[in-house]
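Heads up, the thing below is written out as structure tokens.
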Amino acid sequence: MTFAIQTLIDAISVGALYAISALGIGLLFGIMRLVNFAQSEFVTVGVYTLMMLANAWFPLAALAAVVVVVLLALTVERLAFRPVRNADPATLLIASFAVSYFLQNGLVLLFGARPIGFDVLPGLGQAIQVETVRIPLLNIVTIAATSTLLLGVGLFLRLTRTGIEMRAAAVDFRMARLMGVKADRVIAVGFGLAGIMSAVVSILYAAQTGTASPAMGLQLALVGFVATVIGGMGNLPGAVLGGLAVGAISVLLQAVLPPDLRVFREAFVYAAVIAVLLLRPQGLFRSAAERERV
Amino acid sequence: MKILMLTALAAVAVSVLPASAQDDAVTVGFPLALSGFVAPYDDGPLKAALLAIDDINSRGGLLGEKIISVESDTKSDPAQGATAATDVLGKAAKMIMVTCDFDFGAPAALVAESQNVIAFSSCAADPKFGVQGIGKNAYTMSTASISQGATLAEWAHNEKGFKTVYILKDTMVEYTKSVCDSFEARWTELSSAESIVGRDTFHGVNDTSIASQISRIKANSPQPDFVMFCGAVNGGSAVRQIRAAGIDLPLLSSESMDGAYWLAAIPNLSDFYVAVYGSAFGNDPDPKVNDFVKSFSAKYGVAPVTGHALTGYSVVEAWAKAVERAGTFDTDAVRAELDKFTAEPLMVGKTTFTPELHINVDRPMLIMKIVNGKHEPIERFITTKLPKVSF
Amino acid sequence: MNTASQHLVAEAISVRFGGLEALRAVDLAIGPGEIVGLIGSNGAGKSTLINVLSGFQRPTAGAVKLGDRPIGGLSPHLVARAGIVRTFQAVRLFQDLSVVNNVAAAAAALGGSLSTANTLIEMLGLSDLRDQRAGSLSYAHQRRLAIARSLALKPRFLLLDEPAAGMTPAEVADIKAILLEVRENTGTGMLLVEHNMSLVMSTCERLVVLDSGRVIARGSPQAVRRDPAVRASYLGEVSGEKQ
């Protein structure tokens, strides 16, 4: 019983991290049909920033991570994606691979490929004991941060002018432009938001792993992309639920599979993803009626 | 004045001419990952090998010839390994040292094999790196992964008196799988299958969290005496998560967890045991190793990150010994001498090669214990029952 | 800038796709507050002309001007910003957004407030549906919303591509009332491309008739209706085609 509850908490907290990742990927995909694999490096750069400031006052280090990652995201948008903005999605995808490769190798050049250990937020290693279940503070913080961020982004998209413009652009970018929505601004805000989300992921991830390594963000971006696909391309709540689902399913499979099959856990996860795509190509969380009109 | 400067420049130019241009010099080639993702694992062994060359040259060289080195970057790309090897062999390298990994080192070694030149991997721990997998000229200075696992099992059982174990295996690379599997085989012989109270796997790169694995250890009843932790890349992250979850069980691991670079993730880590080639921290029971660390630090300004550097030193050391005994640089003669090595006392430890086996299975490893974030040596140890080598 | 005197003018517009001549030397002018009908059979060039006026299609020859300002080379969103806004046959609403946010997204671009959006929704009779998802609206309501959204850009000229397609007679009557009210309130000039002849005849001051890319007639609805060329090429066909 304890194991079941503990596993459930693990599932939610791993899923939460994937959910933010997926939201960042989903947001940019919605607006400009860009699968931004460079988000992987947004997270990684955030972690390296925290590593360099491991001995600084934490709020300052966290703020620095947010600033650095947001600036990086805006720079990448301006220099790499704006020139190919109107290209087809395949070109955009390749551009994002190029950016990702460039940034990753830049990190290798600056810091070497060997993982670097550091310690941030050691306090989060402590846990709250509820009956027999031990809930690490980090899990609670992860879930709280994710909820806050999702709520914040949700409110931003619903209530602010820019948010409404972004949602319009996500549905039909060309039409939104025709309706006067300024492409540069909406896309820049999108990258800025993706940057903030990546920075939050990097803070949580750094607290969890205490390790900076150049390719560490890759898995998060990959899962974020998969989550976006199963959630329904361009459907933001779907992407979030998709992220949560992929994380939770991974953890649950790891918990219930017999030892010999655990090695193939990822294969099971991706088999489930393929099944989703075959049975519901529009994504799990998008109704058939909605799709009909597209 | 101008002419003087030109002359000086010309003199410099002559002195840096490639090895092949000098008659009284012999060349050793290093087609290694000088950049990219594998670079950190070649860096220490390369620097140590260059140190070994310095040491030999300061004693008058090899067969009266000065050893010089040529390097070529594989850029951490196995496909570039062959190109890099061709490059250094084209500069008349008489021996090459390749990357510390079977997959990354083999392409270069295969090129050397085709030109009948000896190729040493510094620390590829897969027995395939040798006669059976590459050819008669391929050697590795490592201790085989299967020996490492068996050694840790026997040490934990006989020396520590541990009764029960939980096995946590990183499935990303062959090395850690091999260490854990050989551990399990030897442990079962010494104790019983029942004393393995639990086992689980994780993936060093794909698993962003090992929360699930940790919950399983915690829920395991009874709690084991220790955890056999076969981790490598990002192992520090896994250890941080384990300790953060309040699991204070002793952890045992192999040389892939050598080094202090990851320790900052777990301040004051204790009760962590690691079997290494030798201490990179200047406190090895063998003073020769400490002298090596000292001269390494003197030459490069920093101590070696891990004990793997010793393998690089011993690659040059072993080849030079064999050359001296053979009295020639001729590959066939040198190989014959290498294959006669029996408990040869090298920097990295006692080393044995036979015409069939070009990897060490019976070289003692140094067991170190991490106490409050500091490595303390315990003893050198090797399993008494050598594992059966399969290729 | 004296907007009242600014006409939207197309001068001698020709469009060729390879050997195919979609438009040949078409002239068209719309004054502020004027509703001009553009009719013609399928393939006559109506859509091509709307595309040219809205910047989606660059003419092979000829010029588009807003007053004295040439706007022929501008991309669609800049044409829209200059005050020439179009609707689409396919409507193209922001399906996932609510009714009010569809209008607000466009209003925001001009610095308009939410109350601007609310006013427009009220004008188009969509107040009761304010918070519904645009994608869930009936077909007629979707077309009205498209007009409301276009009006949020405060256009000087509105190019309406079949705004009454698929509507019941009652809904068509509503659309007509709305268009007239919009003109009354805002002085927006309109180009109405429409197959529904009763709407065109009763709403437009002037008609332009296209056939095979050429203007075959222009003038008041009454004059056009009597034109023998039009009767031969178009009206007969329409009365046969539409019930």
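Quick note on labels: first sequence line is chain A, next is B, and so on, each numbered from 1.
A heavy-atom distance below 4.5 Å is found between the side chains of B:Y277 and B:T311. Side-chain contact between A:E41 and A:F102: absent, with no pair of heavy atoms (C-beta onward) separated by less than 4.5 Å. Two residues are said to be in side-chain contact when any heavy atoms from C-beta on lie closer than 4.5 Å; B:I210 and B:D200 fail this criterion. Counting heavy atoms from C-beta on, the side chains of B:V239 and B:L269 come closer than 4.5 Å.
When the candidates A:M51, A:Q126, A:R265 are compared by the number of heavy-atom contacts under 4.5 Å with chain B, A:R265 comes out ahead. Of all the listed residues (A:L137, A:L138, A:V263, A:I116), the one sharing the greatest number of non-hydrogen pairs under 4.5 Å with chain B is A:V263.
Along residues 205-225 of chain A, the residues that come nearer than 4.5 angstrom to chain B, judged on non-hydrogen atoms, are A:Y205, A:A206, A:A207, A:Q208, A:T209, A:G210, A:T211, A:S213, A:P214, A:A215, A:Q219, A:L220 in order of number.
Heavy atoms closer than 4.5 Å to chain B are found in the side chain of A:V14, but not in its backbone. Only the side chain of A:R134 comes within less than 4.5 Å of a heavy atom in chain B; its backbone stays farther off. A:V251 touches chain B through backbone and side chain together, each having a heavy atom under 4.5 Å away. The parts of A:A255 that come within reach of chain B are both its backbone and its side chain, each placing non-hydrogen atoms under 4.5 angstrom from that chain.
A cation-pi arrangement is absent between B:K369 and B:Y273, since the terminal nitrogen or guanidinium carbon is not both under 6.0 Å from the aromatic centre and inside a 45° cone about the axis. Under the 6.0 Å distance and 45° angle rule, B:R199 does not count as a cation-pi partner of B:Y166.
The aromatic rings of B:F226 and B:F183 lie perpendicular to each other, with more than 60° between the two planes, well past the 30° mark. In this structure, A:F37 and A:F97 have parallel ring planes: the angle between them is below the 30° cut-off, well short of the 60° mark.
In this structure B:D77 satisfies the salt bridge (charged side-chain N to carboxylate O under 4.0 Å, His left out) test with no other residue, sequence neighbours excluded.
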